[in-house]
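Reviewing the structure listed below.
Convention: sequence-line order gives letters A, B, ...; per-chain numbering from 1.
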Number of protein chains: 2
Amino acid sequence: MQCEPLQIDKHKKEMMAVQDSMDVLNGKWKISIISSICYYNKRRFSDILNDVAGISNKMLSKELKELEMNQLVKRTVLDTQPITVQYELTEHGLTLKTIINHLTDWGKEHRKKIIGE
Amino acid sequence: MQCEPLQIDKHKKEMMAVQDSMDVLNGKWKISIISSICYYNKRRFSDILNDVAGISNKMLSKELKELEMNQLVKRTVLDTQPITVQYELTEHGLTLKTIINHLTDWGKEHRKKIIGE
DNA sequence: CGGGATCCTTACTGATACTG
DNA sequence: CAGTATCAGTAAGGATCCCG
């Protein structure tokens with residue numbers, strides 16, 4: 001394919017940006033975890049554990065830590081007995097909402113297309 | 001959080017749909033591969049190998065096969081010497097374009113936010 | 001050029017048990 | 001409840017060589 005040099009640069013940058021996104025959202029669970037928190041606004045550890053079918057507490061703990069490091073979720077310890085920990089999306093994390101919504105819609109369509117044919 | 005039962009059902013379905021999407025798009029490379037094909041419309045094996053920084057031919061081969069199975073990409077063998085294989089998105093694959101674009105934009109923003117601070 | 005086959009290493013993941 | 005620690009299996013990924 002023949003492209004203007006400027007076009008090629010543009011595509012390279014776009015590719016890099018996509019990679020950057022995927023570096024943050026990598027792994028089997030991250031998107032699902034974000035979705036869970038996103039759909040409910042605030043969510044406790046054990047709730048997310050239930051929402052995300054199949055995840056282990058170890059994985060959830062690890063993934064949440066990474067998401068927190070990337071400033072996508074905020075962790076709040078509530079002073080209850082026993083202790084409760086609440087997760088919510090940061091402002092930055094909330095900017096993923098559009099993508100989550102699209103993925104939700106796309107997932108439904110895909111299921112129809114592939115599984116339902 | 002107190003929710004109407006209907007709300008809970010809705011969230012569960014949304015979570016499932018997200019999972020379905022991620023099942024198809026799993027792995028470190030799929031999104032990047034789709035992006036490469038998407039941005040260039042048509043793309044050869046070795047071109048994608050170059051676009052997606054760090055991927056090995058084995059992985060690319062495997063991932064493309066899976067994407068083909070899920071009817072997201074179409075594989076065309078061109079009768080050149082030596083052989084050329086061209087990949088393009090199917091109609092169904094093209095419905096991911098919106099998500100790719102959002103991920104591109106989000107990646108740029110995220111880089112500013114995290115790396116550039 | 002576009003892969004497949006092989007070997008090898010590391011990363012991911014799950015199950016279970018345990019702690020504050 | 002919200003994790004951590006340990007162990008152990010599986011899968012992902014890379015490097016290299018090979019073939020039509």
Side-chain angles (χ1 to χ4, degrees), chain A residues 1-2 15 18-20 22-34 36-37 40-70 72-89, chain B residues 1-2 15 18-19 22-37 40-70 72-89:
Chain A
M1 173 181 292
Q2 296 296 331
M15 293 291 307
V18 174
Q19 293 272 17
D20 287 342
M22 294 322 288
D23 283 349
V24 181
L25 304 174
N26 66 15
K28 197 172 162 185
W29 307 109
K30 293 233 175 58
I31 299 273
S32 298
I33 294 170
I34 296 172
S36 166
I37 304 176
Y40 288 98
N41 294 319
K42 294 181 181 175
R43 207 71 175 141
R44 289 179 311 154
F45 188 88
S46 51
D47 289 331
I48 305 175
L49 205 53
N50 260 286
D51 291 339
V52 182
I55 197 174
S56 67
N57 59 348
K58 186 179 96 178
M59 273 302 114
L60 180 55
S61 169
K62 192 189 117 206
E63 303 279 63
L64 280 171
K65 219 177 279 175
E66 290 182 28
L67 291 174
E68 205 187 340
M69 278 180 45
N70 280 304
L72 297 183
V73 307
K74 196 177 114 194
R75 179 176 180 275
T76 314
V77 180
L78 302 181
D79 197 13
T80 53
Q81 195 51 244
I83 274 177
T84 306
V85 181
Q86 198 167 69
Y87 291 91
E88 56 194 308
L89 294 187
Chain B
M1 173 182 291
Q2 297 296 334
M15 294 290 306
V18 174
Q19 294 273 16
M22 294 323 288
D23 283 350
V24 180
L25 304 174
N26 66 14
K28 196 172 163 185
W29 307 110
K30 293 232 175 59
I31 300 273
S32 297
I33 294 170
I34 296 173
S35 301
S36 166
I37 304 176
Y40 288 98
N41 293 320
K42 295 181 180 176
R43 207 71 177 141
R44 289 178 313 154
F45 187 87
S46 50
D47 290 331
I48 305 175
L49 205 54
N50 260 287
D51 291 339
V52 182
I55 196 173
S56 66
N57 59 348
K58 186 182 96 178
M59 272 302 114
L60 180 54
S61 169
K62 191 190 118 205
E63 303 279 62
L64 279 170
K65 217 179 281 175
E66 290 181 30
L67 290 174
E68 204 187 342
M69 277 180 44
N70 280 305
L72 297 182
V73 307
K74 196 178 115 194
R75 180 177 180 276
T76 315
V77 180
L78 301 181
D79 197 12
T80 53
Q81 195 51 244
I83 274 178
T84 305
V85 180
Q86 198 167 68
Y87 290 91
E88 56 195 307
L89 295 187

#### Entry: Spacing between B/D51 atom CG and C/dG2 atom C1', to the nearest angstrom
16 Å

### Query
Could you state the CZ-C1' distance from A/R43 to D/dA2, rounded to the nearest angstrom?
15 Å

### Task
Can you tell me the distance, in whole Å, between the CD1 atom of B/I48 and the C1' atom of C/dG2?
11 Å

### Message
If I take atom CD1 from residue B/I31 and atom CG from residue B/N26, how far apart are they, to the nearest 0.5 angstrom?
### Response
9.5 Å

### Message
Which nucleotide wins on minimum distance to the side chain of A/P82, given the candidates D/dC1, D/dA2, C/dG3?
### Response
D/dC1

#### Entry: Of residues 57-70 of chain A, the positions that come close to DNA chain C - non-hydrogen atoms, cut-off under 4.0 Å
A/N57, A/K58, A/M59

### Task
May I have the distance from B/K28 (atom NZ) to D/dA11 (atom P), rounded to whole angstrom?
18 Å

### Query
Does B/R75 make a side-chain N or O approach to OP1 or OP2 of C/dG2 shorter than 4.0 Å?
no

### Angle of first-five versus last-five pair axes in the helix from C/dC1-D/dG20 to C/dG20-D/dC1, to 10 degrees
50°

### Protein-nucleotide distance (A/N50, atom CG; D/dG3, atom C1'), rounded to Å
16 Å

### Query
Atom CD1 of B/I83 to atom P of C/dG3: distance rounded to whole Å?
9 Å

### Message
Below the 4.0 Å mark, does D/dG3 have OP1 or OP2 next to a side-chain nitrogen or oxygen of A/Y87?
### Response
yes

### Task
Verify the contact: side-chain N or O of A/S56 to OP1 or OP2 of C/dA15, cut-off strictly under 4.0 Å; return yes or no.
no

### Query
Nearest of D/dG14, D/dG3, D/dC1 to any side-chain atom of B/W29?
D/dG14

### Message
From CZ of B/F45 over to P of C/dG2, roughly how many Å is that when rounded to an integer?
### Response
7 Å

### Query
What's the closest nucleotide to the B/S46 side chain, out of C/dT13, C/dC1, D/dC1?
C/dC1

### Task
Find the distance A/I33:CD1 to C/dC12:C1' and express it as a whole number of Å.
14 Å

